[in-house]
2 protein chains.
Amino acid sequence: MDRPYGKVLDKLRGAGLRPTRQRLALARLLFDSGDQHVTAEHLYALSKSADAKVSLATVYNTLHQFKEAGLLREVVVEPGRSYFDTNIDNHHHFYDPQTGELIDIPSSHVTLASLPTPPSGKKVDRVDVVVRLSGSD
Amino acid sequence: MDRPYGKVLDKLRGAGLRPTRQRLALARLLFDSGDQHVTAEHLYALSKSADAKVSLATVYNTLHQFKEAGLLREVVVEPGRSYFDTNIDNHHHFYDPQTGELIDIPSSHVTLASLPTPPSGKKVDRVDVVVRLSGSD
DNA sequence: GTGATTGCAAATCTTTTGCACTAAA
DNA sequence: TTTAGTGCAAAAGATTTGCAATCAC
């Protein structure tokens, strides 16, 4: 392929985000390598390794813009640190507190047979299932 | 009742925690009013209203000690803020991002018909279901 | 007394923000 | 050009930590 930015370019345009050098670089790191879970610091480190000059502030801004645009999902499993998930399909997670690792669980692998009725005036936006792992088997 | 501290005193002793003035005061605020969800700042504010002189640092330390001792459960639903839940039974939560409010869901109201197998060498510690609420019905 | 606990203030960590500068359209 | 986006450094917010003073046993 001769257009290394083609895919993410379309993605950004589709989301109505101006395709700046920084956003393109981060988008490539995020979306060109299959599903992944990154923290801001982690993505910042990735961008450094990739020689993309992006400031940490821009990493934060960009992660939130991508999230607002529906390109990413924020996953909160640990106090004081946010993960961003490039898998935006309906799905759930294993979380290993020992390693800080998140692993996707396809929603088809979790059967929620019944759910309670939300408080009146509210509706269910989303159901997040986090399966916390521990020690060893 | 003539022993306002009796119940929580036993609770602290049972957990192997020295019943100091501060721990007793916080334990009363936490456990003498039915199930509740508090943040550190919230409990700190409560302790002030109750004229219990407890520093914020001690509130944080105490919440974590209570958690270690199994008297509380930590619930993370929002980046940058931890909730502590006095309900330590197996259960789940509604979360309203608009108000920051957590509402217990008895585990009997959520049927998890199937769960995926954890990665080898790991076992399931706990399954947390968070039902995120949105706007209005 | 003696070791555990507390309070304070400083430190830490993640995330956000203000603002001058730069780049995209 | 004109407006959106970026980088830096400072600020903010939650939480933690070091250490001397205090308390429970």
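Numbers restart at 1 for each chain; the letters A, B, ... are given by sequence-line order, proteins then strands. Everything quoted here is computed from the prediction, not taken from an experiment.
- In this structure, A/Q98 contributes its side chain and A/S134 its backbone to no donor-acceptor pair below 3.5 Å.
- Across the helix from C/dG1-D/dC25 to C/dA25-D/dT1, the helix axis at one end is tilted relative to the axis at the other end by 30° (nearest 10 degrees, each axis from five pairs).
- One N or O on the side chain of B/Y83 and one on the backbone of B/G100 form a donor-acceptor pair closer than 3.5 Å.
- When rounded to the nearest whole Å, the span between OH of A/Y83 and P of C/dT15 equals 10 Å.
- Applying the ring pair (Phe, Tyr, Trp, His ring centres under 6.0 Å) test to pairs two or more places apart or on separate chains, those with a residue in residues 92-128 of chain A are A/H37-A/H93, A/H91-A/H93.
- As rounded to whole Å, 14 Å separates atom P of D/dG5 from atom CG of A/L26.
- Here the nucleotide nearest the side chain of A/S55, chosen from D/dA4, D/dG7, C/dT6, is D/dG7.
- Between the A/R73 side chain and the A/D89 main chain, a donor and an acceptor come within less than 3.5 Å of each other.
- A/L29 has its side chain within reach of A/S47: a pair of non-hydrogen atoms, C-beta onward, lies under 4.5 Å apart.
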Exercise. What string of B, S and - do you get for nucleotides 13-25 of chain D, 5' to 3', when a contact is any protein heavy atom under 4.0 Å?
Worked result: -SBBB------BS
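- Remark: P of C/dT5 and CD of B/Q65 are 7 Å apart, rounded to the nearest angstrom.
- Summarising the geometry, the separation between CZ on A/R23 and C1' on C/dA25 is reported as 13 Å, rounded to the nearest angstrom.
- Here the side chain of A/T86 pairs no donor or acceptor atom with the backbone of A/F31 at under 3.5 angstrom.
- In this structure, A/Q22 atom CD and D/dC8 atom C1' are separated by 14 Å, rounded to whole Å.
- Following rounding to the nearest Å, A/Y44 (OH) and C/dC13 (P) show an atom-to-atom distance of 16 Å.
- Proximity of a side-chain donor or acceptor of B/Q22 to a complementary backbone N or O of B/K53 within less than 3.5 Å is not detected.
- At least one donor-acceptor pair under 3.5 Å links the side chain of A/S107 to the backbone N or O of A/N90.
- For the atom pair B/L17 CG and B/E68 CD, the distance stands at 10.5 Å (nearest 0.5 Å).
- Remark: P of C/dT22 and NZ of A/K53 are 16 Å apart, rounded to the nearest angstrom.
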